[in-house]
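Note sheet for the following structure.
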Number of protein chains: 2
Amino acid sequence: MCRMARPRKPLLNRDRIAQAALALIDAEGLAALSTRRLAAELGVSGPSLYNHFATKEAILDAAADTVVAQVDLSMFGGRGPGPGAGANGTRDSGAGAGSGASGGDWPDALLAWGRSYRAALADHPHIVPFLATGPGLRPAGLRMADAVFGGMVDAGWPPAHATRIGALMRYFVTGSALGSFAGGFVGDAAAYDPADYPHLGQAHLLAGHREQVDLGAFETGLRALIDGLALQFQVLRTADR
Amino acid sequence: MCRMARPRKPLLNRDRIAQAALALIDAEGLAALSTRRLAAELGVSGPSLYNHFATKEAILDAAADTVVAQVDLSMFGGRGPGPGAGANGTRDSGAGAGSGASGGDWPDALLAWGRSYRAALADHPHIVPFLATGPGLRPAGLRMADAVFGGMVDAGWPPAHATRIGALMRYFVTGSALGSFAGGFVGDAAAYDPADYPHLGQAHLLAGHREQVDLGAFETGLRALIDGLALQFQVLRTADR
DNA sequence: ACCTGAACACCGTTCAAGT
DNA sequence: ACCTGAACACCGTTCAAGT
């Protein structure tokens with residue numbers, strides 16, 4: 001038998017594909033991602049991708065997971081980003097060396113996590129509809145759910161409540177990263193007939209402050225959410241004794 | 001010239017198309033909606049649709065708007081569903097005849113609206129990713145934004161705050177209707193290695209209580225949100241004098 | 001005005017073939 | 001093991017043609 005010169009370095013691997021997919025989505029939107037287009041971007045023929053991923057959806061899953069892997073979880077006493085997070089560290093990992101949310105500082109942990117979570121998604125807005133719809137079975141998503149649940153239980157929340165907190169925070173953050181509220185209004189004053197929409201007279205001004213409005217609403221909502229949970233926490237604690 | 005027998009009733013109109021599109025999405029998911037498939041469902045040839053809508057996206061816009069048109073707005077003193085809402089009335093329009101959220105009962109109005117909003121989206125979960133991403137320029141969405149803004153301003157919120165409340169409620173409701181939290185976990189106890197996910201030991205149980213968990217998290221979050229806003233409202237009112 | 005068939009430039013995925 | 005070209009069954013949309 002002749003020896004084959006075959007092991008001449010594969011052109012593709014899963015990381016390279018997921019990375020290129022995310023870059024393409026960031027640049028041109030979810031709809032621009034086709035397997036053929038992605039393959040071309042990687043200098044390869046369309047069907048080649050199927051040697052590394054079973055379906056296009058699996059490629060999207062991998063891309064989405066790299067986004068969630070960027071969320072800072074250190075405030076829950078976790079061990080930084082997991083094994084799949086690659087070279088770059090977490091984002092927004094301010095404050096002291098990961099001491100965890102012991103005692104009563106779960107509201108601060110929730111606040112910091114919520115901001116980091118939103119920032120990670122806002123960096124890649126076009127993949128959020130896919131990311132938010134999907135089942136969340138992806139490793140980084142599970143790691144996040146694990147850290148939040150553990151952090152809330154450690155802080156004194158009953159397990160059933162800790163689960164709900166993880167869920168409701170996910171609702172709010174994905175919802176806020178998904179669609180712009182302010183961006184839903186057009187910058188033309190004549191667009192909103194007072195007869196149809198009596199209170200929308202100033203709505204056209206929102207278009208010019210898109211990011212401010214959306215960030216302000218996010219911050220207001222996040223604080224309200226945490227304040228409201230703190231109220232319920234008090235009720236639980238006093239009922240305890 | 002001979003007289004032509006042309007006006008023999010058009011086979012299609014915008015309402016019929018939007019209705020059929022929504023039915024198809026409800027039954028088989030967003031991905032199942034293709035112009036060709038939809039046309040076949042309507043007993044017509046593919047390109048026919050383009051006599052009534054400019055693009056497939058415009059069809060989706062119309063379908064999405066019929067969903068939002070089902071949301072009850074009577075708690076804001078509005079005049080029921082708008083002109084585009086069709087024959088069926090609003091949903092969850094309980095309580096007394098639309099007297100509006102005068103005085104200090106804005107928290108009740110927000111609570112009732114939030115529930116009706118979520119219920120409307122939960123009736124058509126497959127269209128939510130599209131609905132939430134889109135710009136919200138659709139008539140029913142504008143009518144809703146107008147009613148909420150007006151209701152909050154009438155109740156005593158400063159306009160900038162009223163805008164944020166509309167936005168943050170939209171974030172939370174669309175996020176909660178978009179993806180199931182509990183559905184993100186698989187019903188298999190062996191799926192979550194304790195070495196990777198130390199706190200997810202009971203997570204597999206969530207899969208069996210999908211709707212309960214998601215609804216419970218929504219209710220907890222909605223109450224927390226409104227309680228937190230009430231706290232801020234107090235601060236505003238006392239600062240006023 | 002409204003519907004049709006043919007056509008264009010795309011899709012995701014499979015598969016036999018090459019190395 | 002990994003990549004290729006050809007092929008299959010689809011897409012959204014345009015357009016000339018019919019009534």
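In this text the structure is predicted, and so the values were computed from the model without any measurement. Labels below follow one simple rule: chain letters A, B, ... track the order of the sequence lines, proteins then strands, and each chain is numbered from 1.
Between A/F172 and A/F218, the ring centre distance stays below 6.0 Å. Taking the six-membered ring wherever Trp is involved, the centroid distance between the rings of A/Y171 and B/Y171 does not fall below 6.0 Å.
Using a 4.0 Å heavy-atom criterion, one finds that A/L33 contacts the sugar-phosphate atoms exclusively. Heavy atoms of B/I59 sit nowhere under 4.0 angstrom from any nucleic acid atom.
Spacing between atom CG of A/L49 and atom P of D/dC2 amounts to 14 Å, rounded to whole angstrom units. Following rounding to the nearest Å, B/N13 (CG) and C/dA1 (P) show an atom-to-atom distance of 17 Å. As rounded to whole Å, 14 Å separates atom P of C/dG12 from atom CD1 of A/I17. We find that CG of A/L38 is positioned 14 Å from C1' of C/dC11, with the value rounded to whole Å. Here the C1' atom of nucleotide D/dA1 and the NZ atom of A/K9 are 15 Å apart, to the nearest Å. In this structure, the CG atom of B/L60 is 10 Å from the P atom of D/dG12, given to the nearest Å. To the nearest angstrom, C1' of C/dC3 lies 13 Å from CG of B/L42. Rounded to whole Å, atom C1' of D/dG12 lies 16 Å from atom CZ of B/R37.
Residue A/N51 places its side chain closer to D/dC2 than to any other of C/dC2, D/dG5, D/dC2. Residue A/S34 places its side chain closer to C/dG12 than to any other of C/dC2, C/dT4, C/dG12. Listed nucleotides C/dC2, D/dC3, C/dT4 differ in distance to B/S48; the shortest reach to its side chain belongs to C/dT4.
The shortest distance between side-chain heavy atoms of A/F76 and A/D146 does not fall below 4.5 Å. Side-chain atoms of B/E219 and B/R115, non-hydrogen and from C-beta on, do get closer than 4.5 Å to each other. Between A/M144 and A/Y117, the closest side-chain pair of non-hydrogen atoms falls below 4.5 Å. The closest side-chain heavy-atom distance from A/P129 to A/L178 is below 4.5 Å. Side-chain contact between B/M152 and B/L110 is present, with at least one heavy-atom pair separated by less than 4.5 Å. B/R118 is listed as a side-chain neighbour of B/D214, based on a closest heavy-atom distance under 4.5 Å.
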- Watson-Crick or G-U pairs under 3.5 Å in DNA chain D, rendered as dot-bracket with [ ] for crossing pairs and | for another strand: ||.|||||...|||||.||
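Checking A/D188 against A/H204 by side-chain atom types alone, no donor-acceptor pair falls below 3.5 Å.
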I'd like a list of close polar pairs between nucleotides 13-17 of chain D and the protein, N/O only, cut-off under 3.5 Å.
from: D/dT13; atom 1: OP2; to: B/Y50; atom 2: OH; distance (Å): 2.4
from: D/dT13; atom 1: OP2; to: B/K56; atom 2: N; distance (Å): 2.9
from: D/dT13; atom 1: O5'; to: B/Y50; atom 2: OH; distance (Å): 3.2

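Regarding contacts with the backbone of C/dG5, a side-chain N or O of B/S45 is found under 4.0 angstrom from either OP1 or OP2. Phosphate proximity of C/dC3 to B/H52: present, with a side-chain N or O under 4.0 Å from OP1 or OP2.
Atom CG of B/L168 and atom CG of A/L225 lie 8.5 Å apart (nearest 0.5 Å).
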